[in-house]
Number of protein chains: 2
Amino acid sequence: MSKISPKAERRERIIESALKIFAEKGFQDATISEISKAAGVSDATVYEYFNSKEELLFTIPEDITVETIRETERVMPFLRGAESKLRAIVQSYVTIYEQNPEYANLIMLHLKTNRNFLRTRAFEVVRDAARMLLECIKEGIETGTFRKNTDPYLVRSIILGTIEHLCTRKHLQGQPENMLSQVDPMVDLILSGIRAPQEQQNISIHLHMTGTAKAPETITIVPEERKP
Amino acid sequence: MSKISPKAERRERIIESALKIFAEKGFQDATISEISKAAGVSDATVYEYFNSKEELLFTIPEDITVETIRETERVMPFLRGAESKLRAIVQSYVTIYEQNPEYANLIMLHLKTNRNFLRTRAFEVVRDAARMLLECIKEGIETGTFRKNTDPYLVRSIILGTIEHLCTRKHLQGQPENMLSQVDPMVDLILSGIRAPQEQQNISIHLHMTGTAKAPETITIVPEERKP
DNA sequence: TGAATAACAGAGTGTGACTATGATATAACC
DNA sequence: GGTTATATCATAGTCACACTCTGTTATTCA
């Protein structure tokens, strides 16, 4: 019973060929004939599985996106604090895009800017992932890790926007070579932009008193008001 | 001699109609017939001004992009310091996109992810704008306003990525309503992520000594080493 | 007014998405 | 194993649209 039904297997082959060819030539320049040939099926068969070229395009990211989110969700419970969670989410995004360049190509160059994609099952999953990120930011604000006046939606836009920009840039211009090495600098930068100001306790002052006079009875230290 | 040549005027009309229709229906779904009809010329005439539908698309952003950059460059000399310059550049980007929604639509949904657009005159100008932003970040690092270990390319990606994300989101999902109101929070957040740590001098400590004993001869204050 | 140029309508080509059909192969079930 | 149901196939055909070609008409400019 471990045998996959031949129908599902054929469908899988079409999707894989489509991914490869769409990523290589772009959605518009790729033809159904090429895809069906690469998958070893006839043109007509493609249309028995998918109603249109666009529907085929939209089906491609489903599995991999769902799998990614699941994996990230599995890691979450092991992390403590908004900062580590946020870092993990960003790392997870970038890892997927780094490890599946064709998938990344499709998402960044063909799906992200497609109106119809918004009405898609795969997009639902993408939206869930974005929600997870948002929750994490909100958690940081509530627990006092992040500034109280932080706009969580803006922070999310900054994070997603940066990832998308890096990814698009990589696929069009070949830079940066390695996106994963950008994760920590990027997260550090954003975190230090939204972290609540440190409590005074981490500044310790040592008073070395020299001389012959005895110490005064009390010393009061009054820190200046912090400028916002 | 203030009369524009009828040829240039006709060309202008075609470009304007194309902008409108591309933004409304998307590049693929718009047809040359619609555009020529809207411009009041024949299909054949369109091909006398532009070699292809795509060349027409690429020509649209030329003027407005050049004009925008010039305007921003004109303001620059009046600004002192990397922070104000950076803020001005971001504001200038967002203003253009806010004031020219059709142009923004085209850039974000159809040009930014087009390989051929990279070989375009209009893209040259876009690249110049990105360079200006980069120079400004580098200046901030050199003058000590920003952290020494800041990666200027990463900061630029964060800024451009965020703007693009906000803009794409607005055009696909209608949010945020007003992007200009996001400029200051966004710039503030990024600045506080890259600003060099404040010198100790802004922390002043008042020692109130009470009691009868005389003050000691010297007091040495040794601040703890900052954690990076 | 006359010569050069631009714009035109309309017919024609090629490509590629998608449909329809009937024949053939494959799977499923008794 | 044989029969039925289902998938797959090749093929031919439709349609929309980008783009070309041609000869005619309108505009511009001297």
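A note on names: the letters A, B, ... follow the listed sequences, proteins ahead of strands, and every chain is numbered from 1. Side-chain atoms are counted along with the backbone in the values below, which use heavy atoms only and exclude waters and symmetry mates.
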For [X] and [N], what is the distance between atoms [atom1] and [atom2] respectively, to the nearest whole Å?
X: I35(A); N: dC18(C); atom1: CD1; atom2: C1'; result: 14 Å
X: K53(A); N: dA17(C); atom1: NZ; atom2: P; result: 5 Å
X: Q28(B); N: dT15(C); atom1: CD; atom2: C1'; result: 14 Å

Identified side-chain contact (heavy atoms from CB on, under 4.5 Å) partner of Y97(B) from the options H171(B), M179(B), E164(B)
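Passing option: M179(B).
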Out of [options], which has the shortest distance to the side chain of [X]?
X: A44(A); options: dC9(D), dC19(D), dA7(C); value: dC9(D)
X: Y47(B); options: dT8(D), dG16(C), dA18(D); value: dA18(D)
X: E48(A); options: dC17(D), dT8(D), dC8(C); value: dT8(D)
X: Y49(B); options: dA6(C), dA17(C), dC19(D); value: dA6(C)

Taking only side-chain nitrogens and oxygens of T45(B), does any of them come within less than 4.0 Å of OP1 or OP2 of dA7(C)?
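Checking dA7(C) against T45(B), no side-chain N or O comes under 4.0 Å of OP1 or OP2.
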Tell me whether the side-chain N/O atoms of R10(A) come closer than 4.0 Å to OP1 or OP2 in dT8(D).
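Yes, because at least one side-chain N or O of R10(A) sits under 4.0 Å from OP1 or OP2 of dT8(D).
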Do K112(B) and F117(B) meet the cation-pi criteria used here (NZ or CZ under 6.0 Å from the six-membered ring centre, within 45° of the axis)?
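Relative to the ring axis of F117(B), which defines the angle, K112(B) lies outside at least one limit.
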Side-chain donor-acceptor pair under 3.5 Å between Y103(B) and T65(B), yes or no?
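Checked: Y103(B)/T65(B) side chains pair up, N/O donor to acceptor below 3.5 Å.
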Is S33(B) touching bases, backbone alone, or none of the nucleic acid, heavy atoms closer than 4.0 Å?
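If one applies the 4.0 Å heavy-atom cut-off, S33(B) turns out to touch nothing in the nucleic acid.
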Using the side chain to side chain donor-acceptor pair (under 3.5 Å) rule, pick out the option among Q175(A), H165(A), E177(A), E98(A) that qualifies with K170(A).
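Of the listed options, the one satisfying the test is E98(A).
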Please figure out whether V41(A) or D43(B) has its closest DNA chain D nucleotide nearer the 5' end.
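The answer here is V41(A).
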